[in-house]
Amino acid sequence: MKFTYFGHACFGIEVNGYYLLFDPFITDNELASEINVDEIEADFIFLSHGHFDHVADAVRIAKRTEATVVANFEIYSWLGKQGVENAHPMNHGGTWKFDFGSVKMVNAVHSSELPDGSYGGNPAGFVFTTSEGNFYYAGDTALHMDMKLIPLTSKDLHFCILPIGDNFTMGINDAILAAEFVKCDRVIGVHYDTFGFIKIDHKEAMKSFSKHDKELMLPSIGKTIEL
Ligand code: NI
Ligand code: MN
């Protein structure tokens, strides 16, 4: 699998020849000014919740690429009103088999309001099961006990993507516990540095993870890593 970081909580994962894009927030992210939003590839776009810093570029990219947008029912309905025709609604606890692998929508502890003020439903994370490996994207969330359910049904997570910026989501110490809860020692950190409230010390963060025998990866914006 190939992982490309586009800044904040936006990233792409190439798996089984399909390009999955997550929580697109690029044009309003000063740190991602090098990224051309109109060149990003997507066969599927996953939206964890309705906050602007996760959906801002979703409609634009969905219309250009005709990617299937996967989100909870409330966001799915909102996308329809924005003219996005190709979308797939899910809700918490449900699994669906897509062409690249299967996806389960799981709980996240956060809030969710769409940019126009409409109700965004409950925030979510996603667990992916694919022939190239399994992985978990937590979305914006606090540390919570339901994460312990994930390894009961999704064994051998190859890596997980966790928010680490604190203030709006988990910080470093809770993210280390989250990695323990889901039984995955390889973590890609997201949702940090973008705004004043979530700036982190990269070296300290990586040191804290390695003290607990875990690896924290913080690829720079625009960089692709092989996993
Ligand atoms: Ni949020
Ligand atoms: Mn956010």
Side-chain angles (χ1 to χ4, degrees), residues 1-49 51-71 86 88 98-103 124-141 157-165 169 175 179 184-195 198 200 202 205-206 209 214-227:
M1 281 181 278
K2 275 189 187 135
F3 176 100
T4 305
Y5 189 47
F6 295 117
H8 198 52
C10 179
F11 52 92
I13 293 178
E14 204 182 327
V15 55
N16 283 328
Y18 290 88
Y19 207 84
L20 321 185
L21 181 69
F22 295 78
D23 287 353
F25 171 68
I26 293 144
T27 45
D28 293 333
N29 180 1
E30 283 175 19
L31 301 182
S33 57
E34 302 287 295
I35 306 294
N36 184 346
V37 73
D38 293 319
E39 282 178 1
I40 289 180
E41 289 176 75
D43 296 307
F44 293 88
I45 301 172
F46 288 87
L47 303 178
S48 65
H49 65 296
H51 284 156
F52 74 98
D53 59 321
H54 298 258
V55 305
D57 291 310
V59 172
R60 176 171 172 174
I61 297 172
K63 285 185 178 170
R64 175 177 54 82
T65 59
E66 295 177 355
T68 302
V69 190
V70 184
N86 195 11
H88 179 105
F98 294 92
D99 289 340
F100 61 85
S102 68
V103 180
F126 298 101
V127 181
F128 293 78
T129 304
T130 84
S131 60
E132 292 191 356
N134 305 335
F135 60 96
Y136 166 54
Y137 170 44
D140 279 13
T141 186
L157 291 179
H158 191 46
F159 61 94
C160 59
I161 301 126
L162 304 177
I164 56 168
T169 67
C184 177
D185 291 337
R186 210 181 193 196
V187 176
I188 300 169
V190 295
H191 215 276
Y192 63 92
D193 283 0
T194 322
F195 325 113
I198 60 173
I200 64 157
H202 296 200
M206 288 192 254
F209 271 78
K214 294 184 190 342
E215 182 187 5
L216 175 67
M217 290 174 275
L218 301 175
S220 46
I221 296 171
K223 198 176 173 207
T224 299
I225 54 173
E226 189 85 43
L227 291 159

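A quick note: this is a predicted structure, and the numbers were derived from the prediction, not measured. Index from 1, following the sequence.
- Under the 3.5 Å distance criterion, with hydrogens and angles disregarded, no donor-acceptor pair is assigned to the side chains of Ser48 and Asp140.
- Under the 4.5 Å side-chain criterion, counting only non-hydrogen atoms from C-beta, Val190 is not in contact with Ile164.
- Between atom CG of residue Asp38 and atom OG1 of residue Thr65 there is a gap of 10.5 Å, rounded to the nearest 0.5 Å.
- Phe100 and Asn16 get closest at one heavy-atom pair: O-ND2, 3.0 Å.
- Contact of the Ile198 side chain with the His8 side chain is registered, since non-hydrogen atoms from C-beta on lie closer than 4.5 Å.
- Contact record, Ile61 with Pro24: CD1-CB, 3.8 Å, taken as the closest heavy-atom pair.
- If you run side-chain hydrogen bond (donor to acceptor under 3.5 Å, both in side chains) between Asp23 and each of His51, His49, His54, only His54 comes through.
- Here the side chains of Phe98 and His88 are in contact, with some heavy-atom distance below 4.5 Å.
- When all heavy atoms of Phe44 and Val70 are compared, the pair lying nearest together is CD2-CG2, 4.5 Å.
- For an aromatic pair to be called close, the ring centres must be under 6.0 Å apart, and Phe22 with Phe128 satisfies this.
- Atom OH of Tyr5 is separated from atom CE of Met217 by 13.0 Å, given to the nearest 0.5 angstrom.
- Two residues are said to be in side-chain contact when any heavy atoms from C-beta on lie closer than 4.5 Å; Ile200 and Asp193 meet this criterion.
- The structure places CD1 of Ile40 at 7.5 Å from CZ of Arg64, a figure rounded to the nearest 0.5 Å.
- Looking at heavy atoms from C-beta onward, Glu14 lies out of side-chain contact with Glu132 at the 4.5 angstrom threshold.
- The structure places CZ of Phe209 at 8.5 Å from NZ of Lys214, a figure rounded to the nearest 0.5 Å.
- Around CD of Glu226, the count of heavy atoms belonging to other residues, nucleotides or ligands within 6.0 Å exceeds 12.
- Cys184 is not listed as a side-chain neighbour of Tyr136, based on a closest heavy-atom distance of 4.5 Å or more.
- Considering all non-hydrogen atoms of both residues, Gly222 and Ile35 come closest at CA-CD1, 3.7 Å.
- Between Ile221 and Glu34, the closest side-chain pair of non-hydrogen atoms is not below 4.5 Å.
- Contact between Ala56 and Asp28 at its shortest, heavy atoms only, is CB-OD2, 4.4 Å.
- At least one side-chain heavy atom of Phe6 sits less than 4.5 Å from a side-chain heavy atom of Leu21.
- Rounding to the nearest 0.5 Å places OG1 of Thr130 at 9.0 Å from NE2 of His158.
- Nearest approach of Pro163 to Ala175, heavy atoms of both residues: O-CB, 4.0 Å.
- Taking the six-membered ring where the residue is Trp, the centroids of Phe46 and Tyr137 are separated by 6.0 Å or more.
- Under the side chain to side chain contact (heavy atoms under 4.5 Å, CB included) test applied with Phe135, the options Ile188, Ile161, Leu227 reduce to a single match, Ile161.
- No donor-acceptor distance shorter than 3.5 angstrom exists from the side chain of Tyr192 to the backbone of Phe195, with no hydrogens or angles considered.
- Side-chain atoms of Asp57 come within 3.5 Å of backbone N or O of Thr27 as a donor-acceptor pair.
- Of the possible polar contacts, one joining the Asn86 side chain to the Glu66 backbone as a donor-acceptor pair under 3.5 Å is found.
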